[in-house]
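On a predicted model such as this, the values are computed, not experimentally measured, just so you know.
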Amino acid sequence: MQQQIGNVALVVENYDDAIAFYTDKLGFELIEDTDLGNGKRWVQVAPAHSTGTRLLLAQASNAEQARCIGQQAGGRVFLFLETDDFWRDYTAMKSRGVEFIEAPRAEAYGTVVVFKDLYGTKWDLLQRRSD
C-alpha cells in the first residue's frame, strides 16, 4: 500500500485574494477552482510543475475559522517551500513583493529564509544541502 498527503488545507480570508497571492507572488499554478455552491469552492494551488502535496485554500466560513487565519501553527513556520535554486526563487519572490522577515541564512541542512503569506502565515523557503 502506498499513501501520500494530497492536500494541506490553509484557511484564508478570501479565495480570490489568496489565489492572486499564490499565483502572482509565489508563482504557483492554480490547479482547480470548482464552485461547490453556497459560497464554497474547492481551490487547489501548487508550485509550478510540482507533483507533490497541494494547498487547498479554504475560505473561513465562521468566526472560529477566521480567528485561525495566519495563526494555524501558533506563530511558528507552518509550511516549507523547497526549491532546487534558493537564490533564483528568493530574488524572484522579493521582486514580486513577498515579505521576508529575516535575512537568508545557511544552516546545517541548507539555505533558508522565513517569509509570510498575505495573511501572516509563516513559510520557509528552503534549499536542502546536497551531500
Whether Gln72 side chain and Thr121 backbone form a donor-acceptor pair below 3.5 Å: no
Aromatic plane relationship, Phe28 with Trp123 - under 30° parallel, 30 to 60° tilted, over 60° perpendicular: perpendicular
Gln44 side chain to Ile31 backbone, donor-acceptor under 3.5 Å: no
Neighbour count >12 (heavy atoms, 6.0 Å) for atom CZ, Arg88: yes
Gap between atom CZ of Arg54 and atom CG of Leu10 - 0.5 Å precision: 16.0 Å
Tyr15 side chain vs Arg41 backbone, donor-acceptor pair below 3.5 Å: yes
Side-chain donor/acceptor of Asn14 to backbone N/O of Asp16, under 3.5 Å: yes
Straight-line distance of Gln59 CD to Gln65 CD, nearest 0.5 Å: 10.0 Å
Cationic N near anionic O, under 4.0 Å, Asp24 to Arg96: no
Residue Glu13 excluded, over 12 heavy atoms near CD under 6.0 Å: no
Glu64, CD atom: more than 12 neighbouring heavy atoms under 6.0 Å: no
Within one Ile-Leu-Val-Met-Phe-Trp-Tyr cluster: Tyr22 and Val11, side-chain cutoff 4.5 Å: yes
Over all atoms of both residues, closest heavy-atom pair of Phe78 and Val8: CZ-CG1, 4.2 Å
Shared hydrophobic cluster, Val12 / Ile19 (ILVMFWY, side-chain heavy atoms < 4.5 Å): yes
Derivation and outcome, side chain to side chain contact (heavy atoms under 4.5 Å, CB included), residues Val112 and Phe80: CA-CA 10 Å; Val112 64; Phe80 299 79; over 6 Å; no
Expected output: side-chain Thr23 to main-chain Leu30 donor-acceptor under 3.5 Å: no
Backbone of Gly75 reached by a side-chain donor or acceptor of Lys122 within 3.5 Å: yes
Ile5, CD1 atom: more than 12 neighbouring heavy atoms under 6.0 Å: no
Test item: Glu99 side-chain N/O and Lys116 main-chain N/O as donor-acceptor pair under 3.5 Å: no
Tyr90/Phe100 aromatic ring centres below 6.0 Å: yes
Straight-line distance of Leu81 CG to Asp89 CG, nearest 0.5 Å: 7.0 Å
Donor-acceptor pair, side chain of Asn38 and main chain of Lys40, under 3.5 angstrom: no
CZ (Arg76) with more than 12 external heavy atoms under 6.0 Å: no
Minimal non-hydrogen separation, Ala18 against Leu57, with atom names: CB-CD1, 3.9 Å
